[in-house]
Amino acid sequence: MAELPLADYARTLTGDIQTLAEAEDGSIPRTFTRWVLEQLEESGFVSNMTVAYHSGHGVMVYGFGYSDDRSVLDLYTTAFSLDPMVDRLTKADVTKHYRRLLAFLQKAGSIRGNFDQPTEVHQLCEGVEKLLSNASKVRLFLFSNCESAARTQPEPTEFQGLPVEHHLWDLARLYRHQTSGAASEPIVVQFDPPINCLSVQSVEPNLSVTLAVVPGRHLAELYEEHRTRLLELNVRAFLQARSTVNRGIRLTLLNEPGRFLTYNNGITATATAAEFVEDTEGRRVGIRSLTGLQIVNGGQTTATLHHVFKRDKKDLDGVSVQMKLTLMGSDDLMAIVPSISQYSNTQNKVTLVDLSANDKFHVEFERVSRTLWAPPTTPGGPQTRWFYERARGSYAVEEAKQHASIVARRKFKAENPAAQRFAKSDLAKFVNAWSGLPHLVSRGAQKSFAAFQANVKEQPPVIDADYCRRTIAMGILFKEVDKVAKAHDAGSHKALITAYTTARLCEETGQRIDLDRIWQEQRVSDAIVQAAHDLCPLIMDMVIQEGKHVTEWAKSSKCWEEVSRIPWTVPEELAEELLARPVEFAVDTREEEEEQLSRLKQIELSEWEMLADWARETRALELAEQQIATTIAAKLATNATITAAQVRKALEVYDNAIEEGFSAFAP
């Protein structure tokens, strides 16, 4: 989704919900509730949800859900407005909605007695009562398409001894969730007047190279408008003005602007389409416009031009920049750009990690990770991000963009703490240690990353929210073990000891450490910390051996074999909190999902409608299963998108119904 002003997003969302409600012949608030829950289910915020409405004196609820282990009970309510930019949720409104959910929880038993068994309200109350008897926590969700004026969430409370959490998803948070990390629209650049060029068609199809000279001010203005979007395919982002090259660029612009074209290497760019000026013989002699412009080398030059233009207040008149432009199809970008970067980059050293920035894995990981907001570490505390620095220096670039005010910069830093920034080499280190490869981690960032890349290519994981959260949790674990190694005076060998201690801890626990819990709590448990303290001295004795070159010894697989044989068992305190099975990562199931969707669509719309009616009449299926059949029928009727999760659930419901005696051909 392209970024929109909040007001535009509010109008678009409200209109979409109204249209959807009309198509499905449902109430607008109820449709909105279901829509939000679908978004949150895809992101892993909720699961096993049922939309069911009841309102009474001091009571209002729009549904419930629960965790897979049934230890967490969720209740949902909604505040929807047809004019969301006028209506706002006050602190009193928020408190009232949460209070009504708790009132329903208190009165569910008595409410159930007022409704017959087949009714939705009876099943709503019955389901909540059963879940409440086994729950260890209650979460209250308030969904709204209005902005909330409440700056903080209510303090955590209790209900019958159970902790109660509050989760507000207002307009601003929904906007953030929907737009964060979304793909950008292609950059379109107009040149008026056209810039002169020399263009040569490659012997390869759909590939041409054009040489041109671009006004420096034009490049500076492009960067002002698009910032790092202009550098998305760059192997690294602008490294600020810290390197000798950047300082040299700036000094030339300030002192000898007329010689800039002579001294500077220029930029290397790509585009997916172009409009050329042609002479009478059909030769390309000028560029009118470019579509999908990306600077793949020369990001430093471009950003320094912008810096001098905006910060140093130089008009850049007379400054020209040579451009080598490769015109290619969008499908060829990822295959060709790394090679262009590698062969044309002579300004700063480019590493394997840099050149892998545009691999599909890292592009996807960045996109998904930017949609994730870490849970607050304190009640009512702020949400933060773990900033994945796919392109070297991108954190500094994003921070620099907030130059408009001190408040904006502080906000960026608060939402993206520097301590939560991590690069591709860090990601490789975290995953390799978890996977029992500390000797590869010890070989340095490049070799560790190369091994990680090879593993990812051999067994590509599904880059979804779960994968990103869990790999970040590996990083939290790794960082905590690093503190332990420091406490044990590992000294200059701390990095080696951290890698080996983390790897042995993960190996001995059978990779059953609860990464989801680490993510939710944004910390590791005391039992893990204590286990690391027990293990660390033993690791140090094995890795830091007298008479051995420690650094080289740690790089060998023999060292890992020896460390793996150190007598050590998991302490009881840690054993009690381990998962029953090793942490699993989703595999690419797109082909299977396509087959399931095909099977679902082979079942006639009328059969789904009959199944829903049969389920309501016989009560052979639970309320949530009834609703799945109804939802699928509505989506098939309107040709709406059916998510993979809905397809799986729907087929399960269909198979269960067949086992229970349903038949579309029954008399």
Side-chain angles (χ1 to χ4, degrees), residues 44 67 69 71-72 136-137 156 163 165 369 372-379 381-388 417-422 426-438 441 465-490 494-540 563 566 568-585:
S67 60
D69 62 2
S71 65
V72 180
S136 59
K137 181 169 66 176
E165 295 179 357
S369 67
L372 302 178
W373 289 82
T377 55
T378 57
Q383 289 183 298
T384 59
R385 292 183 192 273
W386 284 81
F387 191 100
Y388 182 56
Q420 293 180 193
R421 175 181 60 187
F422 65 109
D426 296 318
L427 177 64
K429 178 170 58 180
F430 303 154
V431 175
N432 283 343
W434 170 269
S435 304
L437 301 170
V441 176
D466 280 342
Y467 181 84
C468 291
R469 283 191 290 260
R470 288 170 181 171
T471 49
I472 292 171
M474 294 176 194
I476 296 173
L477 171 64
F478 192 95
K479 288 172 178 286
E480 190 61 45
V481 175
D482 191 66
K483 294 177 184 177
V484 171
K486 181 179 180 180
H488 285 272
D489 297 322
K494 180 168 67 71
L496 309 177
I497 301 305
T498 298
Y500 272 89
T501 304
T502 304
R504 179 62 198 274
L505 188 62
C506 296
E507 179 191 57
E508 199 64 35
T509 56
Q511 295 181 320
R512 292 182 293 127
I513 293 174
D514 193 342
L515 295 176
D516 293 334
R517 174 182 172 180
I518 292 176
W519 168 262
Q520 287 298 325
E521 298 179 357
Q522 290 293 291
R523 58 179 292 274
V524 301
S525 68
D526 293 340
I528 293 176
V529 174
Q530 186 55 54
H533 276 293
D534 293 342
L535 186 57
C536 187
L538 304 177
I539 301 292
M540 291 175 65
V563 168
I566 294 174
W568 184 77
T569 56
V570 177
E572 183 177 348
E573 294 80 2
L574 176 55
E576 291 176 352
E577 67 180 41
L578 295 178
L579 300 172
R581 295 185 299 274
V583 175
E584 296 180 353
F585 294 93

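In this structure, Ser136 contributes its side chain and Ser71 its backbone to a donor-acceptor pair below 3.5 Å. For Thr501 (side chain) and Thr498 (main-chain N/O), no donor-acceptor pair under 3.5 Å exists by modelled atom type. Judged by distance alone, the side chain of Gln522 and the main-chain N or O of Trp519 form a donor-acceptor pair under 3.5 Å. Without hydrogens or angle criteria, Gln420 side chain to Arg385 main chain gives a donor-acceptor distance under 3.5 Å.
Taking the ring centroids of Phe422 and Phe387, they lie at or beyond the 6.0 Å cut-off.
The structure places CD of Glu480 at 9.5 Å from OG of Ser525, a figure rounded to the nearest 0.5 Å. The line from CZ of Arg469 to CG of Leu372 is 6.0 Å long, rounded to the nearest 0.5 Å. A distance of 9.5 Å separates CG of Leu579 from OG1 of Thr509, quoted to the nearest 0.5 Å.
Within the structure, salt bridge (Lys or Arg N to Asp or Glu O under 4.0 Å) contacts touching residues 569-578 (residues at least two apart or in different chains) are Arg517-Glu577.
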Inset, instruction - Given side-chain contact (heavy atoms from CB on, under 4.5 Å), test Val583 with Ile513 step by step and report yes or no. - result: CA-CA 7 Å; Val583 175; Ile513 293 174; over 6 Å; no
Inset, instruction - Begin from the C-alpha positions of Trp568 and Ile539 and carry the test side-chain contact (heavy atoms from CB on, under 4.5 Å) through to its verdict. - result: CA-CA 10 Å; Trp568 184 77; Ile539 301 292; over 6 Å; no
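Using cut-offs of 30° and 60° on the angle between ring planes, the pair Phe430 and Phe478 is tilted.
Judged as a salt bridge (Lys or Arg N to Asp or Glu O under 4.0 Å), and not counting sequence neighbours, the contacts of Asp516 are Arg470.
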